[in-house]
Amino acid sequence: QSRSSNSFKFSLSLLADHKMGGMMSKKKKSKLLDQGACDRLANPDCPVDEVKWGDGQINNELLVAVGKAMETNKKSKTLKLDNSDFSGGVGIKGLAEGLKKNTTLHELDLTRCKLGDAGVPALCEILEHSSVGMLRLNDNGITVEGIKALAEAVKKSKAIKILFISGNNDKSDESVQAMQEAENHHMSSGRNIMIYQN
């Protein structure tokens, strides 16, 4: 096994403070992480490229802590928080604030996180003021009005390249048209982005 692979597994173990090289058993998968994991993520030299803290390991309170950690994290490029409950908008607002000061995160996965329209203002902040180039928002109960607001934020984004937005409450011509206009806006300036809304 390569040296880099061993280092990667050891780093995950340090972050999550779990045994087995950072891999969690199915039995423990829904256990919340502690604050210490977020503190380790805040280290500017944190060596983990991809952080996987989905499946109920993070709640709204910890999501705010993750946002704070990402202000100083300089190495992690992917943050996967899918299949969590971030309803209410408080946690995602904290994450958005932290990502404004982060310049290295490229991919953010918030699939099935119960964000709803309450989370849309913070998602717009992430689109407009972060380095995230790939954002996954499938199955979050976002309505047509929320999708239209996100489309306006996409127009202002300088970083977004790929957006996944399917499975929301957005089955209207209005939402499809709004996202199409966002794609065309970037295309007119010579920049191609891809939006998956089926």
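Position 1 is the first residue of the sequence; numbering continues from there.
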Please check if the side chain of [X] supplies one atom and the backbone of [Y] the other of a donor-acceptor pair under 3.5 Å.
| X | Y | result |
| --- | --- | --- |
| E71 | L99 | no |
| S189 | H186 | yes |
| N138 | S166 | yes |
| N140 | L110 | yes |
| N168 | G141 | yes |
| N73 | A42 | no |
| S76 | T78 | no |
| D85 | S87 | yes |
| T111 | L137 | no |
| S84 | F86 | no |

Test of understanding: clusters of I, L, V, M, F, W, Y form through side-chain heavy atoms closer than 4.5 Å, transitively. Do [X] and [Y] belong to the same one?
| X | Y | value |
| --- | --- | --- |
| I92 | V64 | no |
| L105 | I193 | yes |
| F164 | M194 | yes |

For the student: nearest non-hydrogen atoms of [X] and [Y], plus distance:
| X | Y | result |
| --- | --- | --- |
| A96 | A122 | CB-O, 3.5 Å |
| A182 | V154 | CB-CG1, 3.8 Å |
| E183 | I195 | OE2-N, 3.0 Å |
| K74 | T104 | O-CG2, 3.2 Å |
| S130 | A159 | O-CB, 3.5 Å |

Quick one: does [X]'s side chain get under 4.5 Å of [Y]'s, heavy atoms only?
| X | Y | answer |
| --- | --- | --- |
| K31 | Q57 | no |
| L150 | L163 | no |
| L123 | I142 | yes |
| K52 | L81 | no |
| W53 | L33 | yes |
| L32 | I58 | no |
| R136 | M134 | yes |
| L115 | V120 | no |

Please test K156 against L127 for side-chain contact (heavy atoms from CB on, under 4.5 Å), starting from the C-alpha separation and ending with a verdict. CA-CA 8 Å; K156 300 173 185 176; L127 282 165; over 6 Å; no
After noting the C-alpha distance and the side-chain angles of N83 and C113, does the key distance pass the side-chain contact (heavy atoms from CB on, under 4.5 Å) rule? CA-CA 5 Å; N83 298 301; C113 285; over 6 Å; no
Verdict with reasoning, L62 to D34, per side-chain contact (heavy atoms from CB on, under 4.5 Å): CA-CA 8 Å; L62 284 170; D34 58 23; over 6 Å; no
Do we see a donor-acceptor contact under 3.5 Å between the side chains of T143 and N169? no
Output the distance between atom [atom1] ([X]) and atom [atom2] ([Y]), rounded to the nearest 0.5 Å.
| X | Y | atom1 | atom2 | answer |
| --- | --- | --- | --- | --- |
| I126 | E97 | CD1 | CD | 10.0 Å |
| Q177 | N184 | CD | CG | 10.0 Å |
| H129 | N102 | NE2 | CG | 15.0 Å |

Does this structure show an ion pair linking E125 with K100, if we count only N-O contacts that are shorter than 4.0 Å? yes
Please determine whether a side-chain nitrogen of the Lys or Arg among D49 and K77 lies less than 4.0 Å from a carboxylate oxygen of the Asp or Glu. no
Residue E61 excluded, over 12 heavy atoms near CD under 6.0 Å: no
Taking atom NZ of K155 as the centre, does the number of heavy atoms from other residues, nucleotides or ligands within less than 6.0 Å exceed 12? yes
Would V176 and I147 count as a side-chain contact (heavy atoms from CB on, under 4.5 Å) here? Give the steps. CA-CA 9 Å; V176 173; I147 296 296; over 6 Å; no
